[in-house]
Structures are given as C-alpha cells and as structure tokens.
Amino acid sequence: RRRRTMEGSLEVEATDVVKVVLQFLKENNLTKSLHALQEESLVTLNSVESVDALLADVHNGNWETVLETLSTLRLPAPLLGDLYEQVVLELLELREIDTARQVLKHAPPLHAMKEQEPGRHAHLEAMAGRPFFEPRDAYRDGTSKEHKRAHIADALRRELTVVPPARLLTLLGQALKWQAHSGMLPVGTRFDLLRGAAASRVVEQETYVTTPGPVVKFGKKSHAECATFSPDGAFLVSGSMDGFLEVWDYERGKLRKDLAYQEQDKLMMHDEPVLSLSFSRDSELLASGSQDGLLKVWRVRTGQCVRRFQKAHSGGITCITFSRDGLQIASGSFDTTARVHGLKSGKLLKELRGHTSYVNGIDFSNDGSRLASCSSDGTVRVWDAKTSECLFTFKPPQTGTQELSVNNVFFMPGRTDQLLVCNRSPTVYITTLSGQLIKALSSGKREGGDFVQCCVSAQGGWVHCVAEDSHLYSFEVREGKLQHLLRVHDKDVIGVCIHPHRNLIATWSDEGLLKLWRSGSS
C-alpha cells in the first residue's frame with residue numbers, strides 16, 4: 001500500500017505544550033498545581049496579561065501589585081535581587097521599617113543575596129537600623145530611585161512575554177472545528193476530551209447485521225490476519241501479513257489521519273506478519289503478536305512502542321489477552337504453550353504447559369482468577385491464573401473420531417463460570433468451566449460449513465461465527481437458534497470481531513478485504 005507523507009508538517013516543542021497548561025492553571029488560580037508543574041518540568045510561563053501595565057506599576061512604585069504579578073514567574077536571581085532590594089529601600093524611605101525588616105528577613109532572593117553578596121545585604125540591614133533615610137546612602141552609585149526603577153523595568157521587559165488569554169481552550173476548540181470540518185468528528189457529536197474521541201453513543205439493542213458498510217482494501221500481496229475493536233469503541237485496528245498495524249476510521253473505511261503518527265506515515269509495525277491483537281480494558285494500550293514470536297505493546301494514540309517481549313514465544317503468537325487490571329498479558333503460540341507476561345517488569349511470569357498442539361485462543365475471566373485456553377489438539381484447558389495449576393481439561397462434544405481443532409474460547413460476558421467454545425465444526429458451545437454442556441448453537445449444515453472463528457456481543461445476547469463457506473452465522477443465545485445467515489466474502493474468511501456497543505461487525509479474508517457490516521437500524 002502506498003502511504004502519503006504529511007506535507008507542510010509543523011513541529012511543536014514540548015516546552016510550549018507545558019506553557020499552555022501553565023497558563024490554564026494560572027488563569028484558573030490553581031497556584032499550587034502551577035508551582036508544582038514548574039518545579040517538575042523546569043519550564044516557566046513568564047507571561048503577563050499586559051507587560052506595559054506591569055512596567056507602569058514598576059515605574060510608579062506599586063510594589064504590592066508588581067510582586068503579586070511576578071509571584072508565579074521564574075526570573076533570573078540577579079533581577080530578583082535588584083527588585084527586592086528596591087522594595088526594601090522604598091519601604092525604608094516611607095518609614096515602613098517593620099515591613100522592610102520582614103521582607104529583608106523572609107524574602108528568598110534576599111536570602112540568596114546574603115550568601116552570595118554579604119556586603120550588599122549588610123548595607124540593607126544597616127539602612128534598616130538607622131532612624132532616618134538618606135538617599136545618598138541608599139543609592140551609593142550616584143543613581144536615584146527613578147533610575148533604579150527604570151533599570152528594573154527594562155530587565156523585566158526582556159524576560160516577559162504576552163500571550164492571548166485561554167490558549168489551551170482556544171487550541172482545543174480550533175482542533176475540534178477542524179476535525180468536524182474534515183469529517184473526523186461527526187457534526188453535533190459530543191466530544192470526550194479525555195479519551196480524544198466522540199463520546200460513546202447509547203448502547204444499541206443487540207441484533208444481527210444485514211447491511212454492508214465500508215470496505216478496507218489491502219495490497220495485492222497482503223491481507224488482514226487479525227483485527228479488533230477497542231473496548232471503548234473508539235478504534236478498529238488490523239494486523240496484516242506485511243507486518244503493519246493500522247487504525248481505521250470504521251465509518252469511512254479510511255486510515256485514521258487524526259492520529260499524528262499515521263498522518264506522518266510512521267505506522268506501528270512488526271518485521272513479520274501480525275497474527276494477534278488485544279486491547280487493554282481502558283483502550284489505551286494495544287498488544288500485538290507476530291509470526292517470529294515477538295510481542296509488542298503500543299500506546300495506540302501516539303503509536304509509541306512502550307514494551308517489547310523479544311522472545312515471548314519460540315513460535316508465532318496466535319492469541320493475546322490483557323488481564324482486567326492491565327498489568328499482565330497472556331499469550332498463546334504455535335509452540336504449544338500459553339504464557340503470562342508482566343507489563344511493568346517486561347518479564348515472563350508464568351508458563352502454562354499441557355497442550356500438545358497449537359494454542360489458538362486464550363482469555364482471562366472477568367475477575368482475573370482464571371485463564372481459559374484452547375488448542376488444535378482438540379481440548380480446552382482452564383487454569384488458576386495465580387498458581388498456573390490446570391483446573392479442568394475437556395473436549396467439546398463432537399461426532400466421529402477425528403480430533404477437531406478448537407479455534408476460540410471466551411468467557412461469556414458478565415460470567416466467570418461459563419465459556420463460549422468454537423471448534424472446527426458447524427456448532428459452537430456454551431459450557432461450564434469443567435466442560436459440562438449448557439447450550440449448543442448449531443447451523444445445521446453438515447458439510448462445508450465448519451466455523452473458523454466466533455465472537456460474542458458485549459451483553460452476551462448474540463454469538464456470531466464465520467465459517468469456511470464464507471458466511472456469517474448469527475445466533476441469539478437466549479433462543480439458542482440461528483437467526484440470520486449472511487454471505488460476507490467471496491474467498492476464504494479468516495476472522496470476525498464485533499463493536500462493543502453497536503451492531504457493527506468486521507470480517508476479513510485472504511482476498512485482501514476487511515469488510516464492515518451493520519444492522520438495518522444502525
């Protein structure tokens with residue numbers, strides 16, 4: 001695929017971003033946060049609403065106003081020393097001796113003067129001890145009060161800038177207007193500023209899909225091997241044969257250009273085909289596994305790779321899932337093992353051995369206490385996530401003696417005691433953790449309709465399966481019946497995934513297409 005390089009790109013300094021935040025804090029009187037951010041970032045705003053007004057206050061000796069204005073700024077030590085020295089001298093001239101002594105005793109710039117210029121500080125202390133004020137003693141270098149004020153004003157002018165008010169809110173407003181103008185944000189949509197996406201719509205009543213939507217076309221020598229929606233519904237990501245991970249605008253079937261790294265043609269990628277994907281529960285992190293056994297973790301909003309597990313497996317990584325707390329990632333592989341990795345430590349935490357063929361699926365229970373895995377050896381295994389003990393091993397019901405590969409296993413939404421199991425047959429099963437059959441969902445097709453992959457809706461009301469006949473089979477769980485059949489591809493279908501709160505399904509095949517499907521009402 002050809003990728004367009006961003007032309008006329010602009011670079012924004014990180015310090016400028018901090019300054020915009022500092023201005024917001026200052027304008028909203030969040031003084032403690034302002035000082036904390038300045039101390040940690042070593043960035044100062046040094047801006048005032050009006051430089052001319054401030055300098056006029058300096059020339060007129062309105063020191064209370066001047067000091068209040070400068071309290072949130074970071075100025076050079078020599079300038080602060082001159083400023084506070086002048087304040088003390090003018091207080092002494094007004095015979096505000098007690099106030100002058102308090103400033104002399106407590107002002108940090110004068111503490112620094114006492115250490116670095118003890119003679120200068122001693123002169124101020126001597127002036128404060130006299131019963132009279134003598135200008136010639138105060139300004140020993142032949143200058144005057146007015147001259148010193150002008151000197152301080154000139155020094156301040158060089159340090160200060162003026163910025164328009166409310167820059168943070170203005171920039172955010174301009175960005176949202178541009179996104180709406182360019183079609184990235186539907187007009188009238190309420191925006192979730194924290195997530196950086198349109199606020200989630202009301203969850204649709206679950207049903208089957210009937211209507212074709214946008215189609216994503218890959219290159220002639222590539223196709224999607226895996227795809228997933230983020231739990232918040234903001235992202236649809238595909239992993240492909242050419243190693244690229246791409247985030248799609250699923251409303252238009254286009255690569256999302258509101259993500260700066262994709263606009264700049266700096267895509268997330270592996271050197272080998274990407275076989276598996278999984279989002280963290282908060283939708284911030286994306287894990288990807290590739291043919292060479294490499295596991296990467298990305299921050300999807302920035303495209304930054306935040307963790308690499310170089311040898312997560314000795315074979316291709318076929319499946320990945322995050323723990324509920326986002327601290328662990330479980331993976332399965334062609335090497336017949338399932339493993340649990342620590343996101344913070346970057347180390348292997350557990351290895352789950354027992355399968356005798358490829359591990360095709362893996363899932364954490366909602367409470368994090370169990371892991372379920374399935375394999376081409378025809379079995380499902382349930383593990384204690386803490387001790388790695390295999391608690392149950394079972395085979396789904398099957399006819400005949402041939403071992404049927406189990407392609408998917410999921411915990412049913414909201415349940416820690418029920419599994420959805422999809423093997424290479426025209427039936428999917430809902431079972432207990434020990435394998436006891438609760439419900440069978442069958443297409444009734446005897447030949448050529450074995451299921452390849454399945455997914456379950458977020459509320460657990462529907463199960464959707466793609467089969468080797470390139471059809472999508474949609475079952476209503478409560479009724480236990482096939483409710484709709486839809487041909488989704490012309491060539492071999494690979495996978496299926498479903499949006500978390502909409503009747504929107506993505507399917508992909510080896511013909512190089514990823515298709516989106518909607519219900520008639522969505």
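Nothing here was measured: the structure is a model prediction, and the numbers come from that model. Starting from 1, each residue takes its place in the sequence as its number.
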Donor-acceptor check, side chain of Glu246 to backbone of Val237, threshold 3.5 angstrom: yes or no? no

Paired with Ile430, the side chain to side chain contact (heavy atoms under 4.5 Å, CB included) test is passed by just one of Leu437, Leu420, Leu419, namely Leu420

Got a second to check how far Met269's CE is from Cys305's SG, nearest 0.5 Å? 12.0 Å

When you compare the side chain of Leu516 with that of Ile505, does any pair of heavy atoms fall below 4.5 Å? no

Sidechain-backbone polar pair: Glu206 side chain, Gly461 backbone, donor-acceptor under 3.5 Å: yes

Report yes or no: does Asn360 contribute a side-chain atom to a donor-acceptor pair with the main-chain N or O of Val406 at less than 3.5 Å? yes

What verdict does the side-chain hydrogen bond (donor to acceptor under 3.5 Å, both in side chains) test give for Ser474 and Trp462, after you've listed the backbone C-alpha separation in whole Å, the side-chain angles of each residue and the deciding distance to 0.1 Å? CA-CA 7 Å; Ser474 296; Trp462 288 78; over 6 Å; no

Going through the distances and angles, do Phe279 and Phe322 end up as a ring pair (Phe, Tyr, Trp, His ring centres under 6.0 Å)? CA-CA 7 Å; Phe279 269 98; Phe322 273 89; 8.5 Å; no

Are Met241 and Phe218 packed together at the side-chain level, in the sense that at least one heavy-atom pair is separated by less than 4.5 angstrom? no

Main-chain N/O of Arg307 paired with Lys296 side-chain donor or acceptor, under 3.5 Å: no

Side-chain (Glu272) to main-chain (Ser290) donor-acceptor, under 3.5 angstrom: no

Validation row: Leu472, Tyr208 side chains within 4.5 angstrom (heavy atoms): no

Is the count of non-hydrogen atoms from other residues, nucleotides or ligands lying under 6.0 Å from Tyr358 atom OH greater than 12? no

Are the charged groups of Lys221 and Asp242 less than 4.0 angstrom apart, N to O? no

Taking atom OG1 of Thr210 and atom NE2 of His484, what is their separation to the nearest 0.5 Å? 6.0 Å

Verdict with supporting geometry, Arg502 and Tyr250, side-chain contact (heavy atoms from CB on, under 4.5 Å): CA-CA 12 Å; Arg502 292 177 56 183; Tyr250 52 76; 3.6 Å; yes

Could you check whether atom CD of Glu479 has more than 12 heavy atoms from other residues, nucleotides or ligands sitting under 6.0 Å from it? yes

Looking only at non-hydrogen atoms, find the nearest pair between Leu277 and Ala227 and report the distance. CD1-CA, 4.1 Å

Regarding Asp335 and His313, is there a side-chain donor-to-acceptor distance under 3.5 Å anywhere? yes

Is it true that a side-chain atom of Ser333 and a backbone atom of Gly315 form a donor plus acceptor pair closer than 3.5 Å? yes

Between Trp298 and Ser288: side-chain donor-acceptor atoms closer than 3.5 Å: yes

Under 4.5 Å between any side-chain heavy atoms of Arg370 and Thr416, yes or no? no

Between Glu251 and Arg518, is a salt bridge (charged side-chain N to carboxylate O under 4.0 Å, His left out) present by the stated rule, with each step listed? CA-CA 11 Å; Glu251 298 287 358; Arg518 305 185 178 107; 3.7 Å; yes

Before giving the answer on ring pair (Phe, Tyr, Trp, His ring centres under 6.0 Å), spell out for His499 and Phe229 the whole-Å C-alpha distance, their side-chain angles and the decisive distance to 0.1 Å. CA-CA 6 Å; His499 194 278; Phe229 287 98; 5.2 Å; yes

Are Glu13 and Lys19 within salt-bridge range, i.e. N to O under 4.0 Å? no

Hey, does Asp363 have a side-chain heavy atom less than 4.5 Å from the side chain of Leu371? no

Any luck finding a side-chain donor-acceptor pair between Asp492 and Ser470 under 3.5 Å? no

Full working for side-chain contact (heavy atoms from CB on, under 4.5 Å) between Gln418 and Thr431: CA-CA 6 Å; Gln418 292 184 9; Thr431 73; over 6 Å; no

Is it true that Asp384 and Lys386 make a salt bridge, defined as a side-chain N closer than 4.0 Å to a carboxylate O? no

I'd like to know if Glu447 pairs up with Lys445 as an ion pair, taking the criterion as any Lys NZ or Arg NE/NH1/NH2 lying under 4.0 Å from an Asp or Glu carboxylate oxygen. no

For Trp383 and Ser388, does a side-chain donor sit closer than 3.5 Å to a side-chain acceptor? no

If only atom types and distance count, is the side chain of Ser323 paired as donor or acceptor with the main-chain N or O of Gln328 below 3.5 Å? yes

Cationic N near anionic O, under 4.0 Å, Lys481 to Glu476: no

Would you compute the distance between atom CZ of Arg308 and atom NE2 of His270 and round it to the nearest 0.5 angstrom? 8.5 Å

Check for a donor-acceptor pair, side chain of Arg487 on one end and backbone N or O of Asp469 on the other, with a separation under 3.5 Å. yes

Asn407 side chain to Val452 main-chain N or O, any donor-acceptor pair under 3.5 Å? yes

Are the aromatic ring centres of His341 and Phe309 under 6.0 angstrom apart? yes

List the atom of Pro231, the atom of Ser283, and the distance in Å for their closest heavy-atom pair. CD-OG, 3.2 Å

side-chain contact (heavy atoms from CB on, under 4.5 Å) evaluation trace for Trp508 with Leu513: CA-CA 6 Å; Trp508 54 98; Leu513 300 177; over 6 Å; no

State whether Arg324 and Asp367 are salt-bridged, where the test is any N-O pair (Lys NZ or Arg NE/NH1/NH2 against Asp/Glu carboxylate O) under 4.0 Å. no

Taking Arg381 for the side chain and Cys390 for the main chain, is one N or O donor matched with an acceptor at less than 3.5 Å? no

Is it true that the side chains of His489 and Ser509 contain a donor and an acceptor less than 3.5 Å apart? yes

Do the side chains of Lys491 and Glu468 get close enough for a salt bridge, i.e. N-O under 4.0 angstrom? no

Given side chains that start at C-beta, do those of Val359 and Thr337 come closer than 4.5 Å, heavy atoms only? no

Go through the side-chain N and O atoms of Thr432 and Ser434 and say whether any donor and acceptor fall under 3.5 Å apart. yes

CE (Met412) and CD1 (Ile438) are apart, to the nearest 0.5 Å, by 8.5 Å

So which atom in Lys311 and which in Arg339 form the shortest heavy-atom distance, rounded to 0.1 Å? O-NH1, 4.1 Å

Output for pair (Leu34 CG, Glu39 CD), nearest 0.5 Å, gives 10.0 Å

Does a side chain donor of either Ser373 or His355 reach within less than 3.5 Å of an acceptor in the other side chain? yes

Minimal non-hydrogen separation, Ser222 against Ser240, with atom names: OG-CB, 3.7 Å

What distance do Thr211 atom OG1 and Leu504 atom CG have between them, rounded to the nearest 0.5 Å? 11.0 Å

Residue pair Val380 / Val421: nearest heavy atoms and the distance that separates them: CG2-CG1, 3.9 Å

Atom of Gln453, atom of Val496 and distance for their closest heavy-atom approach: OE1-N, 3.0 Å

Is atom CZ of Phe394 surrounded by more than 12 heavy atoms (other residues, nucleotides or ligands) closer than 6.0 Å? yes

For the pair Arg299 and Leu285, evaluate side-chain contact (heavy atoms from CB on, under 4.5 Å) and give the outcome as yes or no after the intermediate values. CA-CA 5 Å; Arg299 198 168 295 282; Leu285 298 178; 4.0 Å; yes

